[in-house]
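Everything numeric in this text was worked out from a predicted model, so none of it was measured. FYI, side chains are in, hydrogens and waters are out, and symmetry mates aren't considered; it's all heavy atoms of this structure.
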Amino acid sequence: MEVALESNAFFWGIEYLATFCCGMVGGLTAVRKGYDIFAILVTTWLTALGGGIIRDVLLGVSPPVGVSDKGLVITALLAAITVAVAHPEINKLKWSMLTLDALALGLYAVNGTSKAMMYHMSGITAVFLGMFTALGGGLIRDMLINEVPMVIRDKHWYAVPSAVGCVLTVIVCKGVDAGIIDFATEEILDVLIVALMVGMRLVSVIFDIQLPGALTRHTAHLPENAKKGDTPAARRGERERND
């Protein structure tokens with residue numbers, strides 16, 4: 001059984017492009033920290049392929065694709081060399097890098113989820129493994145260079161698109177298993193899911209859309225306070241008597 005997006009040469013090429021660009025995003029963080037070339041290589045490789053390594057380890061696939069696929073490993077290393085030489089120019093390509101990073105996020109999420117379903121994981125397990133594939137590389141990178149992980153510090157939609165994409169991919173895979181969706185339709189739907197994820201990510205950045213935080217509250221409503229008469233109604237009555 002094949003993962004739909006890996007069965008087509010065009011999408012296979014896009015996956016390599018996504019790996020290259022995702023690696024450059026990781027390598028830039030090492031360059032900004034002033035690290036040496038070895039650190040740039042390691043950071044780039046982990047950013048590009050760390051999520052897939054986490055997924056394969058959890059699936060019991062040995063060796064993981066992040067060390068066994070020579071093409072992907074070489075692509076990640078080329079990204080490191082490129083960013084070490086051309087980082088001033090790459091730094092100026094903000095929107096291009098943001099778009100390519102979102103594309104990599106989408107491709108990794110769909111591929112990771114599809115691979116988990118291919119190994120007969122449950123739907124919820126496949127969603128988690130897909131998100132590990134999409135977000136794991138950046139998480140490892142940020143922990144390695146002692147920064148708050150992007151998935152936490154970025155207030156725009158980052159993990160949300162990957163979660164939506166993984167859930168939709170599970171639905172598509174279940175449709176394929178049930179014979180409702182054929183292979184060609186699966187490819188089309190997977191592409192649409194990736195496009196949706198890229199769109200969600202870019203729209204959230206362009207229009208500054210953020211998830212809400214915790215509710216703003218200043219009073220704790222506890223049982224012991226109610227017994228003592230320390231309730232909002234009691235406090236209002238106290239203020240009225242004082243007035």
Chemist: Is the CD1 atom of Ile209 crowded by more than 12 outside heavy atoms at less than 6.0 Å?
Modeler: yes
Chemist: Give a yes or no on whether Phe20 atom CZ has more than 12 heavy-atom contacts from other residues, nucleotides or ligands under 6.0 Å away.
Modeler: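 Above 12, so yes.
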Chemist: Within the 4.5 Å heavy-atom criterion, are Val194 and Asp190 side-chain neighbours or not?
Modeler: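 The answer is no; the side chains never approach within 4.5 Å.
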Chemist: Distance from Ile181 atom CD1 to Ile188 atom CD1, nearest 0.5 Å?
Modeler: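 Taking CD1 in Ile181 and CD1 in Ile188, the distance rounds to 11.0 Å.
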Chemist: Indicate if Leu196 and Leu100 have the same hydrophobic cluster label, given that clusters are the connected sets of ILVMFWY residues with side-chain heavy-atom separations under 4.5 angstrom.
Modeler: yes
Chemist: If I compare all heavy atoms of Ala159 with all of Met131, which pair ends up nearest, and what's the gap?
Modeler: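 Nearest heavy atoms, Ala159 then Met131: O-CE, 3.9 Å.
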Chemist: Once you round to the nearest 0.5 Å, how far does OG1 of Thr125 lie from CZ of Phe132?
Modeler: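 Rounded to the nearest 0.5 Å, the OG1-CZ separation comes to 10.0 Å.
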Chemist: Can you name the closest pair of heavy atoms from Val127 and Cys166 and give their distance?
Modeler: O-SG, 3.8 Å
Chemist: Name the one of Val25, Thr82, Val85 that satisfies side chain to side chain contact (heavy atoms under 4.5 Å, CB included) with Ile90?
Modeler: Thr82
Chemist: Are Val83 and Ile81 linked, directly or through other ILVMFWY residues, by side chains that come within less than 4.5 angstrom of each other?
Modeler: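 Unlinked, Val83 and Ile81 end up in two clusters.
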Chemist: State whether Asp101 and Arg201 are salt-bridged, where the test is any N-O pair (Lys NZ or Arg NE/NH1/NH2 against Asp/Glu carboxylate O) under 4.0 Å.
Modeler: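 Salt bridge: no.
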Chemist: Roughly how far, to the nearest 0.5 Å, is CD1 of Ile171 from CD1 of Ile180?
Modeler: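 One gets 11.5 Å once the value is rounded to the nearest 0.5 Å.
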Chemist: Taking all heavy atoms of Gly130 and all of Thr113, pick out the closest pair and write down the distance.
Modeler: CA-OG1, 3.4 Å
Chemist: With heavy-atom distances below 4.5 Å as the criterion, would you say the side chains of Thr133 and Lys115 are in contact?
Modeler: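 Contact flag for Thr133/Lys115 side chains = no.
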Chemist: I need the Met97 CE to Cys21 SG distance, nearest 0.5 Å.
Modeler: 5.5 Å
Chemist: Are Leu129 and Val67 linked, directly or through other ILVMFWY residues, by side chains that come within less than 4.5 angstrom of each other?
Modeler: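 Same cluster: Leu129 reaches Val67 through Ile, Leu, Val, Met, Phe, Trp or Tyr contacts under 4.5 Å.
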Chemist: With the 4.5 Å side-chain cut-off for hydrophobic clustering, are Val164 and Trp157 part of the same group?
Modeler: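 Same cluster.
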Chemist: Please determine whether residues Val172 and Met197 belong to a single hydrophobic cluster, defined as Ile, Leu, Val, Met, Phe, Trp and Tyr linked transitively by side-chain heavy-atom distances below 4.5 Å.
Modeler: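 Cluster IDs for Val172 and Met197 match.
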Chemist: Under a 4.5 Å cut-off applied to non-hydrogen side-chain atoms, are Ser162 and Tyr108 in contact?
Modeler: no
Chemist: Below 4.5 Å, heavy atoms only, C-beta onward: do Ile145 and Thr29 meet side chain to side chain?
Modeler: yes
Chemist: Taking it one step at a time, do Tyr16 and Leu72 satisfy side chain to side chain contact (heavy atoms under 4.5 Å, CB included)?
Modeler: CA-CA 7 Å; Tyr16 274 76; Leu72 289 177; 4.0 Å; yes
Chemist: Taking the side chain as everything from C-beta on, heavy atoms only, tell me whether His87 gets closer than 4.5 Å to Leu28.
Modeler: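 With C-beta onward as the side chain, the pair touches.
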Chemist: Output a table of donor-acceptor pairs, distance under 3.5 Å, between side-chain atoms of residues 30-53 and any protein atom two or more places apart or on a different chain; print 'none' if there are none.
Modeler:
from: Arg32; atom 1: NE; to: Asn91; atom 2: OD1; distance (Å): 3.4
from: Arg32; atom 1: NH2; to: Asn91; atom 2: OD1; distance (Å): 2.7
from: Asp36; atom 1: OD1; to: Phe38; atom 2: N; distance (Å): 3.2
from: Asp36; atom 1: OD1; to: Ala39; atom 2: N; distance (Å): 2.9
from: Thr43; atom 1: OG1; to: Ala39; atom 2: O; distance (Å): 2.7
from: Thr44; atom 1: OG1; to: Ile40; atom 2: O; distance (Å): 2.7
from: Trp45; atom 1: NE1; to: Gly66; atom 2: O; distance (Å): 3.1
from: Thr47; atom 1: OG1; to: Thr43; atom 2: O; distance (Å): 2.7

Chemist: State, to 0.1 Å, how close Ala126 and Met117 come at their nearest heavy-atom pair, and which atoms those are.
Modeler: CB-SD, 3.5 Å
Chemist: Side chains of Ser114 and Asn111: any donor to acceptor distance under 3.5 Å?
Modeler: no
Chemist: When rounded to the nearest 0.5 angstrom, what is the spacing between CD1 in Ile54 and CG in Leu139?
Modeler: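 If I round to the nearest 0.5 Å, the distance is 6.5 Å.
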Chemist: Evaluate salt bridge (charged side-chain N to carboxylate O under 4.0 Å, His left out) for Asp208 paired with Lys155, printing each intermediate quantity in order.
Modeler: CA-CA 9 Å; Asp208 194 25; Lys155 294 182 179 181; over 6 Å; no
Chemist: Taking the basic N atoms (NZ, or NE/NH1/NH2) and the acidic carboxylate oxygens, is any pair closer than 4.0 Å for Asp142 and Arg153?
Modeler: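 A salt bridge is present here (some side-chain N lies under 4.0 Å from a carboxylate O).
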Chemist: Show your working on side-chain hydrogen bond (donor to acceptor under 3.5 Å, both in side chains) between Ser96 and Thr99 and close with a plain yes or no.
Modeler: CA-CA 5 Å; Ser96 297; Thr99 303; over 6 Å; no
Chemist: Under the side chain to side chain contact (heavy atoms under 4.5 Å, CB included) rule, what do Val205 and Trp95 come out as? Steps first, then yes or no, please.
Modeler: CA-CA 10 Å; Val205 175; Trp95 285 105; 3.7 Å; yes
Chemist: Ala195: which residues meet the side-chain contact (heavy atoms from CB on, under 4.5 Å) condition with it, sequence neighbours left out?
Modeler: none
Chemist: Check this for me, if you would: do Glu147 and Arg141 make a salt bridge, where the nitrogen-to-carboxylate-oxygen distance has to be below 4.0 angstrom?
Modeler: no
Chemist: Drop me the distance from Met150's CE to Leu135's CG, to the nearest 0.5 angstrom.
Modeler: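 Those atoms lie 11.0 Å apart.
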Chemist: Are Leu77 and Val73 close enough, and set up right, to give a side chain to side chain contact (heavy atoms under 4.5 Å, CB included), and what steps lead you there?
Modeler: CA-CA 6 Å; Leu77 296 181; Val73 172; 4.2 Å; yes
Chemist: Side-chain contact, heavy-atom cut-off 4.5 Å: Val170 with Lys174?
Modeler: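 SC-SC contact between Val170 and Lys174 confirmed.
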